[in-house]
Structure formats: C-alpha cells, structure tokens
Amino acid sequence: MMRWQHQLADLGEFQADVSLAEKTTLGVGGAARWMFLPPDVAALQQALRCLPPTLALLPLGRGSNLLIADEGFDGLVIDTGALRELRRDGLTLVAGAGVRMPKLAQYAAQAGLSGIEFMATVPGDVGGGVAMNAGAFGQQWSDTLSWAEVVERDGQCRRYPATALSMRYRRTALPTGSIVVRAAVSLRQDDRDAVRQRMRRMRQQRGGSQPLEQPNCGSVFKNPAGDHAARLIEAAGLKGHCIGGAQISDVHANFIVNRGNATARDVVALIRLAQATVKEKFAIELEPEVRMSALSS
Ligand SMILES: Cc1cc2nc3c(=O)[nH]c(=O)nc-3n(C[C@H](O)[C@H](O)[C@H](O)COP(=O)(O)OP(=O)(O)OC[C@H]3O[C@@H](n4cnc5c(N)ncnc54)[C@H](O)[C@@H]3O)c2cc1C
C-alpha cells in the first residue's frame, strides 16, 4: 500500500475494490478502486490532506441517484454514511451528511416542524439531497436550507449560506470537489399531526405511481420547463421498452428499472434512445437528472 492508503486506513474504514452496484439503488456498475468511510468530519479533513492531488474523488450518499459505469470508478469513493449527527436548535435542524432524508423528515414531524415533508418520500441522504437540491410535491432543499458545511479538497471545512450555492431545480453549485458534511434547515412550527398527515399522504401518492419494488434510481431525466419527462417518453412510444436487462418502467416512464441483470451500458443505451426519440419527435432535449460516474459506450 502507498503511504496515503496507510494513512486513510488509520483514520477510518479504507477498502480496495468495492462493488458499487451494491451501494446504489439501481444495482448496476463495477467496483470502486478504493473506498473510504470517515467516522467523523475531522477524519475526513485529515484524509483529504493526505491524498495525491490528481486522485479522482466521488462522494457517495445512499447511491439513489447514481449510475456507476460497468468499468467501475478508478479513484476514491468517499462514503459519508457515518456522519449521522442530528440536533435541533429552535426552528433549525442540523443534520450530518449521512442522515437519511426520511429520518430527518420524521425528526422534524416529531418536533412539529414543517417544510421538509417531501423528504419522507426521497430515499437519499442529507449530503446527496443538498448536492442534488432534491425535491418533490412542490418542496425542495433550497426552500429551507440555511447553510451547508463542506470539506474542500484542501481539507478545510467551510460553511456556505444557501444563498451562495446558486441552487436551482435539481442543481447546487458546490465548490468543485467538495464534500457536504453537515446542513441546517430552517423550518416553521406546525401541528405535529398535520405534518405527519401530509407526509403520509405524500408516501401513499408515491406508492401507486412509481415502480418502487424494482431497483431504480428515481427520475432519470429532469422535467423540461412546462412539461414532464415521463409524458414525453410515453408519448414517444418508449414506455416499457427494454434494452438488455434494463427497462423504461411500464409504471412510470421517467424511471428505468433493473430487471435483475442490467448493465450500465444497457441503462445508458436507454437514456440515449429516450433523448434521441424525444428530440426527434418533440424537439425537446431531455437532460439527465441521474448522475453518471462515467459515460461509457
Ligand atoms: C425510488 C426513488 C425515488 C426518488 N424520488 C426523488 C424525488 O422525489 N425527488 C428527488 O429530487 N430525487 C428523488 N430520487 C433521487 C435521489 O433519491 C435524490 O437525488 C437524492 O438526493 C440522492 O441522495 P443520495 O444520498 O442517494 O445521493 P447519491 O446517489 O449517493 O449521490 C448523488 C450525487 O450527489 C453527490 N453526493 C452524494 N453525497 C454527497 C456529499 N456528501 N457531498 C457532495 N456530493 C455528494 C454524488 O457524488 C452524486 O453526484 C429518488 C430516487 C429513488 C430511488
């Protein structure tokens, strides 16, 4: 092992050749050359100071919006799953990057705080939620995010107010190569049961309209202004279409499901087919929402 690898092994959990298919909800793709799971923010800061400057990094949360290439990821995956602090300060909740969004939503409901009910229906972590500006049911992270703390490539931990992150629909302008470690949301007081009921209704609505029993990565494309990617893909005649082991869901056309043996190549081929067909028929460019670790084939 090289010196930096020994250093990371001393600071946290360090492994080589880790299957990333098992770390993502879609369940496709190859292995990470290396993976590091820091036990706390200080260990992550120290680790970043040890790394060769050219080493490629990939932050990983729940892996619910990630398409990993079949060739895997030739660099260091940083899993923020152990950063799980969660506390309340008045109307503000502070959560570590590894807190699951549904857990944060439950915590808010328990405290009678409203504004993040949608998180009960999104399977990702706080870090991935901030990085994606995740949202649903008319709510998104940028509505309530007060600040995010990120560890940057130089190992410094810096706090950015949400206003400095240019958050838009499914997009957050994080400093290049930075890793979200903590975020604060400012909520409003509400009746606990009313918050819980809204969350329940959202979950029920989801259950019937998404292929939740098959491996998937949520919405594959962003909705173009004034329209829905699912409607366009369906109108293009692609709902249910298969390539290899991947299928454009016959339940929701903006989902691609893994029928058990899909490769990343199959998924990318479906993405490209949907983009080309929708462009040809409706002159609309579909932009992927799913993050691809590398665009192969
Ligand atoms: C069934 C299902 C339903 C979904 N519904 C919705 C929905 O309603 N709305 C919605 O917006 N999304 C939805 N998604 C997609 C996904 O859950 C969100 O995008 C979520 O925010 C991703 O979080 P994650 O922790 O899984 O991130 P990952 O998939 O692990 O990563 C996503 C991206 O964020 C980066 N990232 C992850 N953690 C960090 C970090 N700590 N610091 C910096 N960058 C980081 C990754 O490198 C990657 O580029 C759904 C997914 C599924 C499977």
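Values below: all heavy atoms of this structure, side chains included; hydrogens, waters and symmetry mates excluded. Remember, it's a predicted structure, so these values are computed and weren't measured experimentally. Along the sequence shown, residues carry numbers from 1. Numbering of ligands and ligand atoms starts at 1, following listing order.
- With a 4.0 Å heavy-atom cut-off, ligand 1 is reached by the side chain of Arg291 but not by its N, CA, C or O.
- Atom 31 (O) of ligand 1 has as its closest protein heavy atom Leu66 CG, 3.9 Å.
- Asn133 and Thr172 form no side-chain donor-acceptor contact under 3.5 Å, judged by distance and modelled atom types alone.
- Inclusion of Gly61 in the set of residues having an N or O under 3.5 Å from an N or O of ligand 1 is warranted.
- Side-chain atoms of Gln139 do not come within 3.5 Å of backbone N or O of Ala136 as any donor-acceptor pair.
- Other residues, nucleotides and ligands contribute more than 12 heavy atoms inside 6.0 Å of the CD atom of Glu213.
- Across Leu67, Asn65, Leu212, heavy-atom proximity to atom 32 (C) of ligand 1 is greatest for Asn65.
- Remark: minimum distance from atom 20 (C) of ligand 1 to any protein heavy atom is reached at Met101 CE, 3.7 Å.
- Heavy atoms of Thr80 found under 4.0 angstrom from ligand 1 belong exclusively to the side chain.
- With a heavy-atom cut-off of 4.0 Å, Thr25 touches ligand 1 through its side chain alone.
- Residue, atom and distance of the protein heavy atom nearest to atom 42 (N) of ligand 1 are Val180 N, 2.8 Å.
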Start with the C-alpha gap between Leu48 and Asp154, add the side-chain angles, then the distance that decides, and say whether side-chain contact (heavy atoms from CB on, under 4.5 Å) holds. CA-CA 7 Å; Leu48 284 169; Asp154 60 3; over 6 Å; no
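- Proximity of a side-chain donor or acceptor of Ser293 to a complementary backbone N or O of Ala69 within less than 3.5 Å is detected.
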Could you pull out every donor-acceptor pair under 3.5 Å between side chains of residues 224-236 and any protein atom, sequence neighbours left out?
| from | atom 1 | to | atom 2 | distance (Å) |
| --- | --- | --- | --- | --- |
| Asp227 | OD1 | Arg231 | NE | 2.9 |
| Asp227 | OD2 | Arg231 | NH2 | 3.0 |

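- Within the 4.0 Å heavy-atom criterion, the part of Leu58 lying near ligand 1 is the side chain and not the backbone.
- Residue Ser178 approaches ligand 1 through these ligand atoms, each under 4.0 Å from one of its heavy atoms: 43 (C).
- With a heavy-atom cut-off of 4.0 Å, Ala131 touches ligand 1 through its side chain alone.
- The protein non-hydrogen atom at the shortest distance from atom 45 (C) of ligand 1 is Pro59 CB, 3.6 Å.
- Within the listing of ligand 1, atoms 5 (N), 7 (C), 8 (O) sit less than 4.0 angstrom from a heavy atom of Arg206.
- For ligand 1 and Ala136, the ligand atoms under 4.0 Å from any heavy atom of the residue are 8 (O).
- At the shortest separation from atom 28 (P) of ligand 1 among protein heavy atoms lies Gly63 N, 3.6 Å.
- The closest side-chain donor-acceptor pair between Gln110 and Arg196 falls under 3.5 angstrom.
- Dense packing is recorded around NZ of Lys222, with more than 12 heavy atoms of other residues, nucleotides or ligands lying under 6.0 Å away.
- Of the protein's non-hydrogen atoms, Ser64 OG, 3.4 Å is the one closest to atom 22 (C) of ligand 1.
- Within ligand 1, the atoms closer than 4.0 Å to a non-hydrogen atom of Cys217 are 51 (C), 52 (C), 53 (C), numbered from 1 in the order shown.
- Of all atoms in ligand 1, listed by their number and element, those nearer than 4.0 Å to a heavy atom of Asn216 are 1 (C), 2 (C), 52 (C), 53 (C).
- Here the heavy atom of the protein found nearest to atom 13 (C) of ligand 1 is Val122 CG1, 3.8 Å.
- Counted by atom type alone, Thr263 and Asp266 present one or more donor-acceptor pairs between their side chains at under 3.5 Å.
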Do Glu287 and Asn223 pass the side-chain contact (heavy atoms from CB on, under 4.5 Å) test, and can you show the C-alpha distance, the side-chain angles, and the key distance before you say yes or no? CA-CA 8 Å; Glu287 186 190 341; Asn223 285 320; over 6 Å; no
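- Look at Gln140 and you'll find every heavy atom at least 4.0 Å from all atoms of ligand 1.
- Of the possible donor and acceptor atoms, none in the side chain of Glu152 sits under 3.5 Å from a partner among the backbone N and O of Arg158.
- Of the listed residues (Pro123, Ala134, Gly135), the one carrying the non-hydrogen atom nearest atom 9 (N) of ligand 1 is Gly135.
- For ligand 1, the atoms lying closer than 4.0 Å to a non-hydrogen atom of Asp125 are 23 (O), 24 (P), 25 (O).
- The stretch residues 107-131 participates, sequence neighbours left out, in these salt bridge (Lys or Arg N to Asp or Glu O under 4.0 Å) pairs: Arg100-Asp125, Glu117-Arg198.
- Close N/O approach between Thr121 and ligand 1 is not found [any backbone or side-chain N/O within under 3.5 Å].
- Asp143 places no side-chain N or O within donor-acceptor distance of the main-chain N or O of Trp141, the cut-off being under 3.5 Å.
- Proximity of Ser219 to ligand 1 is not established, as no heavy-atom distance is less than 4.0 Å.
- At the top of the distance list for atom 38 (N) of ligand 1, counting protein heavy atoms only, stands Gly128 N, 3.5 Å.
- Following chains of ILVMFWY side-chain contacts shorter than 4.5 Å, one cannot reach Val18 starting from Leu76, and the two form parts of different hydrophobic clusters.
- Panel note: side chain Asp74, backbone Arg33; no donor-acceptor pair is recorded below 3.5 Å.
- Of all the atoms in ligand 1, the ones that sit under 4.0 Å from a non-hydrogen atom of Gly124 are 17 (O), 23 (O), 24 (P), 25 (O), 26 (O).
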